[in-house]
Amino acid sequence: MKTKLILGLILFPTLAFAWPWSIDMVNQPSIKPQEGVMTPFPNRSVPVSGIPTTVSNRDEAKPLTSPIPVSDASLNKGRTLFKIYCAACHGLTGKADSPVAGKIGAISLVDDYVQETLTEGWIFGTITFGSFVMPAYGKPRGRDDLRGSNDLSVEERWHVVNYVKHGLLKDAQASGTRTASAK
Ligand code: HEC
(Lines give C-alpha, C1' and ligand atoms only; values in the text may rest on other atoms or scores of the structure.)
Protein backbone atom coordinates (compact mmCIF):
# COMPACT_ATOMS: atom_id res chain seq x y z
CA MET A 1 0.00 0.00 0.00
CA LYS A 2 2.71 2.45 1.11
CA THR A 3 4.85 1.57 -1.91
CA LYS A 4 1.85 2.16 -4.20
CA LEU A 5 1.28 5.60 -2.71
CA ILE A 6 4.94 6.56 -3.10
CA LEU A 7 4.95 5.15 -6.61
CA GLY A 8 1.75 7.06 -7.39
CA LEU A 9 3.26 10.31 -6.18
CA ILE A 10 6.38 9.76 -8.24
CA LEU A 11 4.35 8.99 -11.37
CA PHE A 12 1.80 11.75 -10.85
CA PRO A 13 3.66 14.51 -9.00
CA THR A 14 0.73 16.91 -9.38
CA LEU A 15 -1.20 14.79 -6.87
CA ALA A 16 1.28 15.81 -4.21
CA PHE A 17 -0.01 19.40 -4.46
CA ALA A 18 -3.69 18.57 -4.70
CA TRP A 19 -4.42 18.41 -0.96
CA PRO A 20 -6.48 21.04 0.87
CA TRP A 21 -3.49 22.03 2.98
CA SER A 22 -1.44 22.70 -0.13
CA ILE A 23 -3.09 26.11 -0.49
CA ASP A 24 -2.89 27.04 3.20
CA MET A 25 -0.53 29.92 2.47
CA VAL A 26 -3.21 31.67 0.42
CA ASN A 27 -5.52 31.92 3.40
CA GLN A 28 -3.97 34.83 5.23
CA PRO A 29 -5.66 37.71 6.99
CA SER A 30 -4.75 39.92 4.02
CA ILE A 31 -7.44 41.65 1.94
CA LYS A 32 -8.09 39.74 -1.29
CA PRO A 33 -8.93 41.35 -4.61
CA GLN A 34 -12.59 42.47 -4.75
CA GLU A 35 -13.00 41.78 -1.02
CA GLY A 36 -14.67 44.32 1.26
CA VAL A 37 -14.84 48.08 0.78
CA MET A 38 -11.76 49.61 -0.75
CA THR A 39 -9.81 51.92 1.57
CA PRO A 40 -9.23 55.31 0.02
CA PHE A 41 -5.67 55.93 -1.13
CA PRO A 42 -3.59 58.06 1.25
CA ASN A 43 -3.70 61.73 0.36
CA ARG A 44 -1.54 62.56 -2.66
CA SER A 45 -0.30 58.98 -3.17
CA VAL A 46 -2.05 58.85 -6.56
CA PRO A 47 -1.56 61.55 -9.16
CA VAL A 48 -4.86 63.12 -10.16
CA SER A 49 -5.56 65.23 -13.19
CA GLY A 50 -6.94 68.22 -11.39
CA ILE A 51 -8.04 69.33 -7.95
CA PRO A 52 -11.21 71.22 -7.22
CA THR A 53 -10.56 74.79 -8.18
CA THR A 54 -13.83 76.58 -8.88
CA VAL A 55 -12.44 79.25 -11.18
CA SER A 56 -11.06 78.51 -14.62
CA ASN A 57 -8.64 81.38 -15.14
CA ARG A 58 -6.98 84.33 -13.41
CA ASP A 59 -9.66 86.81 -14.44
CA GLU A 60 -12.34 84.71 -12.82
CA ALA A 61 -10.19 84.41 -9.70
CA LYS A 62 -9.63 88.17 -9.41
CA PRO A 63 -12.66 89.07 -7.23
CA LEU A 64 -12.14 86.17 -4.80
CA THR A 65 -11.11 86.86 -1.22
CA SER A 66 -9.29 84.45 1.02
CA PRO A 67 -11.75 82.05 2.70
CA ILE A 68 -9.14 81.25 5.33
CA PRO A 69 -8.90 83.77 8.18
CA VAL A 70 -5.48 85.31 8.67
CA SER A 71 -4.05 83.68 11.79
CA ASP A 72 -0.59 82.78 13.03
CA ALA A 73 -1.25 79.19 11.99
CA SER A 74 -2.21 80.20 8.45
CA LEU A 75 0.72 82.62 8.14
CA ASN A 76 3.14 79.94 9.36
CA LYS A 77 1.85 77.45 6.80
CA GLY A 78 1.98 80.11 4.10
CA ARG A 79 5.55 81.08 5.05
CA THR A 80 6.74 77.46 4.91
CA LEU A 81 5.10 76.90 1.51
CA PHE A 82 6.40 80.23 0.23
CA LYS A 83 9.96 79.23 1.10
CA ILE A 84 9.53 75.93 -0.70
CA TYR A 85 7.63 77.06 -3.79
CA CYS A 86 8.19 80.77 -4.33
CA ALA A 87 11.51 81.76 -2.77
CA ALA A 88 13.64 80.19 -5.50
CA CYS A 89 12.52 82.93 -7.87
CA HIS A 90 11.05 85.71 -5.72
CA GLY A 91 13.63 85.53 -2.91
CA LEU A 92 13.28 84.25 0.66
CA THR A 93 11.41 87.36 1.76
CA GLY A 94 9.86 88.10 -1.63
CA LYS A 95 12.14 91.00 -2.47
CA ALA A 96 13.20 89.52 -5.80
CA ASP A 97 16.62 88.94 -4.30
CA SER A 98 17.06 85.35 -5.40
CA PRO A 99 20.03 84.60 -7.66
CA VAL A 100 17.74 83.98 -10.65
CA ALA A 101 15.19 86.77 -10.06
CA GLY A 102 16.91 89.23 -12.39
CA LYS A 103 17.51 86.66 -15.10
CA ILE A 104 13.89 85.54 -15.42
CA GLY A 105 12.21 88.77 -14.38
CA ALA A 106 10.69 87.55 -11.09
CA ILE A 107 9.21 90.65 -9.52
CA SER A 108 9.39 91.83 -5.91
CA LEU A 109 6.29 90.74 -4.04
CA VAL A 110 6.69 93.34 -1.29
CA ASP A 111 6.21 96.34 -3.58
CA ASP A 112 2.95 98.29 -3.70
CA TYR A 113 2.03 96.63 -7.00
CA VAL A 114 1.53 93.28 -5.28
CA GLN A 115 0.80 94.47 -1.75
CA GLU A 116 -1.84 97.04 -2.69
CA THR A 117 -2.85 96.80 -6.36
CA LEU A 118 -3.20 93.04 -6.85
CA THR A 119 -6.24 91.42 -5.22
CA GLU A 120 -6.02 88.30 -3.09
CA GLY A 121 -7.95 86.49 -5.79
CA TRP A 122 -5.52 87.56 -8.50
CA ILE A 123 -2.58 86.26 -6.48
CA PHE A 124 -4.50 83.02 -5.91
CA GLY A 125 -5.13 82.86 -9.66
CA THR A 126 -1.46 83.53 -10.41
CA ILE A 127 -0.40 80.64 -8.17
CA THR A 128 -3.13 78.40 -9.61
CA PHE A 129 -2.71 79.10 -13.32
CA GLY A 130 0.76 80.64 -13.53
CA SER A 131 1.58 83.92 -15.20
CA PHE A 132 3.65 84.70 -18.27
CA VAL A 133 6.95 83.22 -17.16
CA MET A 134 5.81 81.90 -13.82
CA PRO A 135 4.62 78.28 -13.83
CA ALA A 136 1.25 77.09 -12.47
CA TYR A 137 1.15 75.50 -9.03
CA GLY A 138 -2.52 74.72 -8.63
CA LYS A 139 -3.50 72.85 -11.72
CA PRO A 140 -1.60 70.36 -13.79
CA ARG A 141 -1.49 71.62 -17.33
CA GLY A 142 -2.86 74.93 -16.06
CA ARG A 143 -1.24 76.74 -18.93
CA ASP A 144 -1.35 76.36 -22.68
CA ASP A 145 2.35 75.55 -22.77
CA LEU A 146 1.68 72.71 -20.28
CA ARG A 147 4.04 74.11 -17.65
CA GLY A 148 2.50 73.40 -14.29
CA SER A 149 1.89 70.95 -11.49
CA ASN A 150 -0.75 70.27 -8.87
CA ASP A 151 1.66 70.77 -6.01
CA LEU A 152 -0.47 73.13 -3.94
CA SER A 153 -4.00 72.30 -2.82
CA VAL A 154 -6.65 75.03 -2.87
CA GLU A 155 -6.26 75.50 0.87
CA GLU A 156 -2.48 75.67 0.68
CA ARG A 157 -2.70 78.30 -2.05
CA TRP A 158 -4.86 80.49 0.18
CA HIS A 159 -2.33 80.10 3.03
CA VAL A 160 0.34 81.38 0.62
CA VAL A 161 -1.92 84.28 -0.41
CA ASN A 162 -2.52 85.14 3.27
CA TYR A 163 1.21 85.10 3.84
CA VAL A 164 2.03 87.19 0.75
CA LYS A 165 -0.53 89.82 1.77
CA HIS A 166 -0.17 89.79 5.55
CA GLY A 167 3.19 88.32 6.53
CA LEU A 168 5.71 88.77 3.76
CA LEU A 169 6.20 92.51 4.16
CA LYS A 170 6.73 92.21 7.92
CA ASP A 171 9.28 89.43 7.39
CA ALA A 172 10.99 91.45 4.66
CA GLN A 173 11.21 94.54 6.88
CA ALA A 174 12.53 92.48 9.78
CA SER A 175 15.21 91.04 7.52
CA GLY A 176 16.47 94.34 6.11
CA THR A 177 15.61 97.13 3.72
CA ARG A 178 12.86 96.95 1.11
CA THR A 179 13.57 97.33 -2.57
CA ALA A 180 14.19 100.86 -3.86
CA SER A 181 10.82 101.16 -5.58
CA ALA A 182 8.86 100.32 -2.45
CA LYS A 183 7.74 102.95 -0.01
C1 HEC B 1 10.16 79.80 -11.68
C2 HEC B 1 10.20 81.09 -11.03
C3 HEC B 1 8.99 81.50 -10.20
C4 HEC B 1 8.43 80.86 -9.12
C5 HEC B 1 8.91 79.57 -8.49
C6 HEC B 1 7.35 81.69 -8.66
N7 HEC B 1 7.23 82.79 -9.46
FE8 HEC B 1 5.88 84.31 -9.24
N9 HEC B 1 6.63 85.20 -10.89
C10 HEC B 1 7.73 84.79 -11.60
C11 HEC B 1 7.99 85.73 -12.67
C12 HEC B 1 9.13 85.62 -13.66
C13 HEC B 1 7.02 86.73 -12.58
C14 HEC B 1 6.86 87.99 -13.45
C15 HEC B 1 6.50 87.63 -14.86
C16 HEC B 1 5.18 86.89 -14.90
O17 HEC B 1 4.15 87.50 -14.55
O18 HEC B 1 5.21 85.72 -15.27
C19 HEC B 1 6.16 86.37 -11.44
C20 HEC B 1 5.08 87.09 -11.04
C21 HEC B 1 4.36 86.88 -9.88
C22 HEC B 1 3.25 87.69 -9.40
C23 HEC B 1 2.69 88.93 -10.09
C24 HEC B 1 1.65 88.52 -11.10
C25 HEC B 1 1.17 89.70 -11.92
O26 HEC B 1 -0.01 89.67 -12.32
O27 HEC B 1 1.91 90.64 -12.18
C28 HEC B 1 2.85 87.14 -8.21
C29 HEC B 1 1.73 87.67 -7.32
C30 HEC B 1 3.68 85.99 -7.97
N31 HEC B 1 4.57 85.84 -9.00
C32 HEC B 1 3.57 85.18 -6.86
C33 HEC B 1 4.26 83.98 -6.71
C34 HEC B 1 4.01 83.05 -5.62
C35 HEC B 1 3.07 83.28 -4.46
C36 HEC B 1 4.83 81.97 -5.83
C37 HEC B 1 4.90 80.71 -5.04
C38 HEC B 1 3.70 79.90 -5.01
C39 HEC B 1 5.59 82.23 -7.05
N40 HEC B 1 5.21 83.44 -7.54
C41 HEC B 1 6.54 81.37 -7.59
C42 HEC B 1 8.47 83.65 -11.37
C43 HEC B 1 8.22 82.73 -10.41
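This one's a predicted model, so the numbers in the text were calculated from it and none came from an experiment. Numbering of ligands and ligand atoms starts at 1, following listing order.
Arg58 forms a cation-pi arrangement with Phe132, by the criterion of a distance under 6.0 Å to the ring centre and an angle within 45° of the ring axis.
The closest protein non-hydrogen atom to atom 11 (C) of ligand 1 is Ala106 CA, 3.6 Å. Looking at atom 5 (C) of ligand 1, its nearest protein heavy atom turns out to be Tyr137 OH, 3.0 Å. With respect to atom 12 (C) of ligand 1, the closest heavy atom belonging to the protein is Ile104 O, 3.3 Å. The protein non-hydrogen atom at the shortest distance from atom 16 (C) of ligand 1 is Ser131 OG, 3.3 Å. Atom 26 (O) of ligand 1 has its closest protein heavy atom at Trp122 NE1, 2.7 Å. Among all protein heavy atoms, the one lying closest to atom 14 (C) of ligand 1 is Gly105 O, 3.4 Å. Remark: minimum distance from atom 28 (C) of ligand 1 to any protein heavy atom is reached at Leu109 CD2, 3.6 Å. When only non-hydrogen protein atoms are considered, atom 3 (C) of ligand 1 lies nearest to Cys89 SG, 2.7 Å.
Here the side chains of Val110 and Thr93 are not in contact, with every heavy-atom distance at 4.5 Å or above. Side-chain contact between Ile68 and His159: present, with at least one pair of heavy atoms (C-beta onward) separated by less than 4.5 Å. At least one side-chain heavy atom of Lys165 sits less than 4.5 Å from a side-chain heavy atom of Glu120. Glu155 has its side chain out of reach of Pro67: every pair of non-hydrogen atoms, C-beta onward, lies at least 4.5 Å apart. When side chains are defined from C-beta on, Lys32 counts as touching Ser30, because their heavy atoms get closer than 4.5 Å.
By the rule that hydrophobic residues join a cluster once side-chain heavy atoms approach within less than 4.5 Å of another member, Trp122 and Val133 end up as members of separate clusters.
Heavy-atom proximity to Ile127, at under 4.0 Å, picks out these atoms of ligand 1: 35 (C), 38 (C). The ligand atoms of ligand 1 that sit less than 4.0 angstrom from a heavy atom of Tyr113 are 25 (C), 26 (O), 27 (O). Within ligand 1, the atoms closer than 4.0 Å to a non-hydrogen atom of Arg58 are 24 (C), 25 (C), 26 (O), numbered from 1 in the order shown. Close approach to Pro135 involves these atoms of ligand 1, each under 4.0 Å from a residue heavy atom: 1 (C). Under a 4.0 Å criterion applied to the non-hydrogen atoms of Tyr85, ligand 1 contributes the atoms 5 (C), 37 (C), 41 (C).
Of the listed options Val161, Ile107, Val100, Val133, Val133 places a heavy atom closest to atom 18 (O) of ligand 1. Which of Lys83, His90, Lys103 comes nearest to atom 9 (N) of ligand 1 through a heavy atom is settled by distance: it is His90.
For the 3.5 Å distance criterion, the side chains of Asp171 and Tyr163 qualify, holding a donor opposite an acceptor.
Checking side-chain atoms of Asn57 against main-chain N and O of Asp59 turns up a donor-acceptor pair under 3.5 Å.
Under 2.8 Å from atom 8 (Fe) of ligand 1 lies no N/O/S atom of Cys86, from backbone or side chain alike. Backbone or side-chain N, O or S atoms of Thr126 do not reach atom 8 (Fe) of ligand 1 at under 2.8 Å.
Surrounding CD1 of Ile31 are at most 12 heavy atoms belonging to other residues, nucleotides or ligands under 6.0 Å away. Shown here is Lys103, whose NZ atom has no more than 12 heavy atoms of other residues, nucleotides or ligands within 6.0 Å.
Ring planes of Tyr85 and Tyr137: perpendicular class, angle over 60° (limits at 30 and 60°).
Under a 4.0 Å heavy-atom criterion, Phe82 is not in contact with ligand 1.
At a heavy-atom cutoff of 4.0 Å, ligand 1 is contacted by the side chain of Val160 but not by its backbone.
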